[in-house]
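Notes to accompany the following structure.
Everything numeric in this text was worked out from a predicted model, so none of it was measured.
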Amino acid sequence: MFGIPFDSTATYMPGARFGPSAIREASYNFEKYNLTFNRELNAPVFDLGDVIVAAGDFKETSKRIMDTLTRLLSHDLKPLILGGEHTITYPIVKVLQSKQNPIIIHFDAHMDMKDHYNGKFSHATVMRRIYELEPPSIIMIGVRSASKEEIEFVQENEIEYYTSQMIRNDMEEVTRKLKAISGPVYVTVDLDVLDPSYAPMVGNPTPCGLTPFHMEKFIEIISRKDIMGFDIVEVTSHVKGDQTGLNAAKILHDLLSLKS
């Protein structure tokens with residue numbers, strides 16, 4: 001596990017640089033035993049601290065992320081990454097593709113498929129840049145905000161997406177899709193996928209989102225997959241006990257408990 005406190009392209013609520021420390025702090029509140037899944041958290045996790053980012057310089061920060069991740073992969077370690085804004089996912093996926101080309105499971109309120117948004121690389125373009133890396137597929141879960149350009153691009157290129165309304169109306173369709181996935185996967189969770197009542201301190205809070213109960217079910221299914229790596233991003237909380245950090249830490253706690 002390592003943090004990437006990069007926070008330079010935020011356009012609404014800055015503060016993602018506080019995400020890694022907020023998630024760690026919240027994690028101290030949890031029991032080692034996970035009552036929901038009747039599991040003791042025994043997965044071997046090593047917290048390596050934070051990548052020293054270059055504030056305002058995505059190119060240099062990406063190089064540092066890629067160097068760090070390349071060294072970790074040489075030791076057969078799997079990355080669990082605490083963001084940081086969502087742009088950090090691009091260099092992570094780029095490095096992982098040198099080993100295997102994973103399916104991308106993308107939890108987010110937004111599609112992040114704009115071609116340009118204050119430049120080629122930003123929190124709103126990250127999935128477009130990842131799409132250009134040609135992963136086997138991208139599955140977007142929980143989306144409820146997009147520009148016309150994005151929805152047209154996604155539909156033209158047959159990228160799978162499940163809105164929060166679709167999940168509310170037919171949760172089973174999404175769980176069936178996730179259960180059917182085979183091969184390596186990379187999971188990226190923008191915490192704004194949750195409704196703001198559960199995660200208000202994120203870069204772009206958006207109403208009518210998922211609940212922690214939805215995420216419990218999704219993580220339970222995903223934990224059975226060959227996960228090459230996992231990130232959780234866009235937490236902007238810097239207040240101890242804030243529900244945003246707590247819900248982010250819970251997602252990680254569930255995943256690690258199920259992997260124990």
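Linking ILVMFWY residues whenever their side-chain heavy atoms come closer than 4.5 Å, directly or via other members, places Ile4 and Leu77 in the same cluster. No chain of hydrophobic side-chain contacts below 4.5 Å, direct or via other Ile, Leu, Val, Met, Phe, Trp or Tyr residues, connects Ile167 to Ile159. Residue Leu96 is not grouped with residue Ile105 when hydrophobic side chains (ILVMFWY) are merged at heavy-atom distances under 4.5 angstrom, including chains of intermediate members. Ile141 and Val143 are assigned to two separate hydrophobic clusters, defined by single-linkage of ILVMFWY side chains at heavy-atom distances under 4.5 Å. Under a hydrophobic clustering in which Ile, Leu, Val, Met, Phe, Trp and Tyr are joined whenever their side-chain heavy atoms come within less than 4.5 Å, directly or via other members, Val95 and Met127 fall into the same cluster.
The shortest side-chain heavy-atom distance between His214 and Phe107 does not fall under the 4.5 Å cut-off. Side chains of Ile251 and Ile232 form a contact here, defined as non-hydrogen atoms less than 4.5 Å apart. A 4.5 Å side-chain heavy-atom check between Pro5 and Phe18 finds every atom pair outside the cut-off. Residues Asp76 and Lys99 have side chains in contact (heavy-atom distance under 4.5 Å, counting atoms from C-beta outward). In this structure, the side chains of Ile103 and Pro135 stay at 4.5 Å or more apart for every pair of heavy atoms. Between Asp254 and Glu220, every side-chain heavy-atom pair lies at or beyond the 4.5 Å cut-off. Side chains of Leu41 and Lys259 form no contact here, defined as non-hydrogen atoms less than 4.5 Å apart. With contacts defined as side-chain heavy-atom distances shorter than 4.5 Å, the pair Thr206/Pro196 does not qualify.
Relative to the ring axis of Tyr33, Arg39 does not place its NZ or CZ within 45° and under 6.0 Å from the centre.
Inspection of the His110 and Asn204 side chains reveals no N or O donor paired with an N or O acceptor under 3.5 Å. One side chain, Asn101 or Gln97, offers a donor N or O that lies under 3.5 Å from an acceptor on the other. Side-chain polar atoms of Thr87 and Glu85 form a donor-acceptor pair below 3.5 angstrom. For the residue pair Asp112/His123, the side-chain donor-acceptor check at 3.5 Å is not satisfied. Looking only at atom types and distance, the side chain of Asn42 has no donor-acceptor partner in the side chain of Ser260 under 3.5 Å away. A donor and an acceptor atom, one from each side chain of Thr125 and His116, are nowhere located under 3.5 Å apart. A donor atom on one side chain and an acceptor atom on the other are found under 3.5 Å apart for His86 and Asp108.
Salt bridge annotation for Arg144-Asp192: absent, with no cationic side-chain nitrogen under 4.0 angstrom from a carboxylate oxygen. By the 4.0 Å N-to-carboxylate-O rule, Arg71 lies too far from Asp67 to be salt-bridged with it. Using a 4.0 Å cut-off between charged nitrogen and carboxylate oxygen, Arg129 and Glu132 count as a salt-bridge pair. Between Glu60 and Arg64, at least one side-chain N (NZ, or NE/NH1/NH2) sits under 4.0 Å from a carboxylate O, which counts as a salt bridge. Looking at Glu149 and Arg128, a side-chain N of the basic residue comes within less than 4.0 Å of a carboxylate O on the acidic one, giving a salt bridge. Salt-bridge formation is detected for the pair Lys250/Glu216: a Lys NZ or Arg NE/NH1/NH2 atom is positioned less than 4.0 Å from an Asp or Glu carboxylate oxygen.
Other residues, nucleotides and ligands contribute more than 12 heavy atoms inside 6.0 Å of the NZ atom of Lys120. Within a 6.0 Å radius of CD in Gln155, other residues, nucleotides and ligands contribute more than 12 heavy atoms. No more than 12 heavy atoms of other residues, nucleotides or ligands sit less than 6.0 Å from atom NZ of Lys94.
The two residues Pro102 and Gln100 come nearest to each other via the heavy atoms CD-O, 3.0 Å. In this structure, Ile23 and Ala248 approach most closely via the heavy-atom pair CG1-CB, 3.8 Å. Here the closest heavy-atom approach between residue Ala16 and residue Asp7 is recorded as N-OD2, 3.2 Å. For the residue pair Val235 and Ala22, the shortest heavy atom distance occurs at CG1-CB, 4.2 Å. The shortest non-hydrogen separation linking Val233 to Gly84 is CB-O, 3.4 Å. For the pair Glu31 and His253, the tightest heavy-atom approach, listed with the atom from each and the gap, is O-NE2, 2.8 Å.
A donor-acceptor distance shorter than 3.5 angstrom exists from the side chain of Asn247 to the backbone of Gln243, with no hydrogens or angles considered. Remark: side-chain polar atoms of His75 are not paired, donor with acceptor, to backbone N or O of Leu72 under 3.5 angstrom. Within the 3.5 Å criterion, the main-chain N or O of Gly209 finds no donor-acceptor partner in the side chain of Ser164. Listed for the Thr9 side chain is no donor-acceptor partner under 3.5 Å among the backbone atoms of Ser122. Proximity of a side-chain donor or acceptor of Asn34 to a complementary backbone N or O of Glu40 within less than 3.5 Å is not detected.
If you take CG on Leu82 and OG on Ser27, they are separated by 9.0 Å, rounding to the nearest 0.5 Å. Note that CG of Leu246 and OG of Ser237 are 8.5 Å apart. Values are rounded to the nearest 0.5 Å. Note: Tyr90 OH to Ser62 OG = 8.0 Å, rounded to the nearest 0.5 Å. One finds the CG atom of Leu258 at 5.0 Å from the CZ atom of Phe37 (value rounded to the nearest 0.5 Å). Note that the CD1 atom of Ile221 and the CG atom of Leu178 stand 5.5 Å from one another [nearest 0.5 Å]. Remark: Leu80 CG to Leu256 CG distance equals 5.5 Å, nearest 0.5 Å.
Taking the six-membered ring for Trp, Tyr186 and Phe230 have ring centres at least 6.0 Å apart.
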Q: For the pair Asp50 and Arg24, evaluate salt bridge (Lys or Arg N to Asp or Glu O under 4.0 Å) and give the outcome as yes or no after the intermediate values.
A: CA-CA 11 Å; Asp50 292 347; Arg24 289 185 179 103; 3.0 Å; yes
Q: Given side chain to side chain contact (heavy atoms under 4.5 Å, CB included), test Leu194 with Leu191 step by step and report yes or no.
A: CA-CA 6 Å; Leu194 294 181; Leu191 205 68; 4.1 Å; yes
Q: Please report the C-alpha distance between Phe46 and Met1 in whole Å, then the side-chain angles of each, then the deciding distance to 0.1 Å, and finally whether the side chain to side chain contact (heavy atoms under 4.5 Å, CB included) criterion is met.
A: CA-CA 6 Å; Phe46 306 92; Met1 181 170 73; over 6 Å; no
(Q) What verdict does the side chain to side chain contact (heavy atoms under 4.5 Å, CB included) test give for Val154 and Met140, after you've listed the backbone C-alpha separation in whole Å, the side-chain angles of each residue and the deciding distance to 0.1 Å? (A) CA-CA 10 Å; Val154 164; Met140 298 190 286; 3.8 Å; yes
Q: Apply side chain to side chain contact (heavy atoms under 4.5 Å, CB included) to the pair Tyr117 and Thr11, showing each step before the final yes or no.
A: CA-CA 10 Å; Tyr117 192 79; Thr11 51; 3.7 Å; yes
Q) Between Asp226 and Lys78, is a salt bridge (Lys or Arg N to Asp or Glu O under 4.0 Å) present by the stated rule, with each step listed? A) CA-CA 11 Å; Asp226 177 15; Lys78 292 189 175 183; 3.5 Å; yes
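Tested against Leu210 for a side chain to side chain contact (heavy atoms under 4.5 Å, CB included), the candidates Lys217, Arg168, Met215 yield a single pass: Met215.
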